[in-house]
2 protein chains.
Amino acid sequence: MERHENTEQEILRAAEQEFLEKGFAGAKIMSIAQRAGVNHAMIHYYFRTKENLFNRLFEEKIRLLTTNLYPALANTEQPLIERIKNTISSHFDFIAENHNLPRLVVNEIISNPKRRKIFRQKIQFAIKTLKPALQTELDQLADNRQIQHIKAEDLILDVVSLNLAIFILFPLIEGVFADDNKTFLEHRKEENIKVILSRLNYKI
Amino acid sequence: MERHENTEQEILRAAEQEFLEKGFAGAKIMSIAQRAGVNHAMIHYYFRTKENLFNRLFEEKIRLLTTNLYPALANTEQPLIERIKNTISSHFDFIAENHNLPRLVVNEIISNPKRRKIFRQKIQFAIKTLKPALQTELDQLADNRQIQHIKAEDLILDVVSLNLAIFILFPLIEGVFADDNKTFLEHRKEENIKVILSRLNYKI
DNA sequence: ATTATCTATAGATCTATAGATAATGC
DNA sequence: ATTATCTATAGATCTATAGATAATGC
């Protein structure tokens, strides 16, 4: 009988890998057990069901996703343009560190109406917290002819779209546009910032 | 014994729906048979295996995806900016009509190395056909100070990212930003065009 | 005679649990 | 005594096929 210091943590770590790679349906209890180096019965002992284990991890990840956009934007000591730059950059870096997460979230939310409902409420809340102050600032700059007028939600969607898509596309285009992946992604991060600043019509 | 005029076509139609909704692993032979209104043994009779059936449909879809970007761009009678506008618009409309396709392609290509290799070759070929002429035109306009300098591959990725992401995000944000989905998507299409033209620094 | 459809079932794969066994803490 | 681990197995779900049966075309 093999004894681990922390079987529960090992299972969580292994399950996170497995679910991110293969999604809920594709992930197998046996495979998670193997990755964790424990008997598969242990997974049921600690988490009862596959769904329990998944939800535990999924909710934590959703929390990260929905709270990640504001911090860089909220630091009102810098001018808005600087904060937008930083937000794009840190959002890009966050997705880079969790490059399988967007695909997992989209897939599982589509195939599970309960998860979809919860997620949409969180998004709705995040937008409601973010939008009014941002829109006020954007309108102010637009009135001063410093930027072009834009709706806050369009700006948010433009940023999220550009940052998200490159990582969703990455497995399909890896090696097509550049030999070195790291250089390629760094370049794309700069390009995304450039695109957004151009949209705002801000002259660098 | 129920007799259909075209069992094979019914199966293909039903399988396309099922695979697009649930992916390869999530799709079930029994469920496809039910949608098609045929006995499940018929699916094996006509296509032998689930994988055969899937590949048949998948390859056709990939062909559509990789050939969809150029036609609007190739019509050299119009000025480049007009053609770029039209390309963004028709690319957007194509994804709108096949809104589940990008997710399916990404998922299946990630989980299947053989498909990944084939797909990457097709992308590589499509880019090679598209890029040189486009880059020449872009450089020309940039030299005339009509647009800002940009690499052809960055322009392509910007367009594809913006158009793709909104449909991948759609199930997550449906109803969050607007009540009417059709109006919302029309608005986003215009926004995407505006973003790209701003990036090119083209004054409308 | 050939082609299409149906029934029944084999066999693989997975999740989950019962019950036995070993380790740990008091 | 309680907690953790393992073995064995039930039971559900799926793909695939063999073999019987019905319809169609010559």
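In what follows, chains carry the letters A, B, and so on, assigned in the order in which the sequence lines appear, proteins first and then strands, with residues in each chain numbered from 1.
Rounded to whole Å, the distance from CG on A/N6 to P on D/dT3 is 16 Å. Taking atom CD of A/Q9 as the reference point, atom C1' of D/dA4 lies 16 Å away to the nearest angstrom. Separating the CD1 atom of A/I43 from the C1' atom of D/dA4 is a distance of 15 Å, rounded to the nearest angstrom.
A cation-pi arrangement is absent between A/R56 and A/F47 under the rule of less than 6.0 angstrom and at most 45 degrees off the ring axis.
Heavy-atom neighbours of A/E174 CD from other residues, nucleotides or ligands within 6.0 Å: above the threshold of 12.
Across every strand in view, D/dT21 sits in a pair with C/dA4 that passes the Watson-Crick or G-U test at under 3.5 angstrom. Base pairing of D/dC14 is made with C/dG11, judged by Watson-Crick or G-U wobble geometry with both donor-acceptor distances under 3.5 Å.
Looking at residues two or more places apart in sequence or on another chain, you find a side chain to side chain donor-acceptor pair (under 3.5 Å) between A/N107 and B/R103, B/N107.
Using a 4.0 Å cut-off between charged side-chain N and carboxylate O, A/E191 and B/R199 make a salt bridge. A salt bridge is defined here as a Lys NZ or Arg NE, NH1 or NH2 lying under 4.0 Å from an Asp or Glu carboxylate O, and A/E51 with A/R115 meets this definition.
The shortest heavy-atom contact between B/R188 and B/I166 is NE-CD1, 3.7 Å.
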Using a cut-off of 4.0 Å between protein heavy atoms and nucleotide atoms, how would you tag nucleotides 11-22 of chain D 5' to 3' with B, S and -? ---SSBB---BS

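Note on A/F47: nothing from the nucleic acid sits closer than 4.0 angstrom, heavy atoms only.
At the phosphate of D/dA4, neither OP1 nor OP2 sits under 4.0 Å from any side-chain N or O atom of A/T7.
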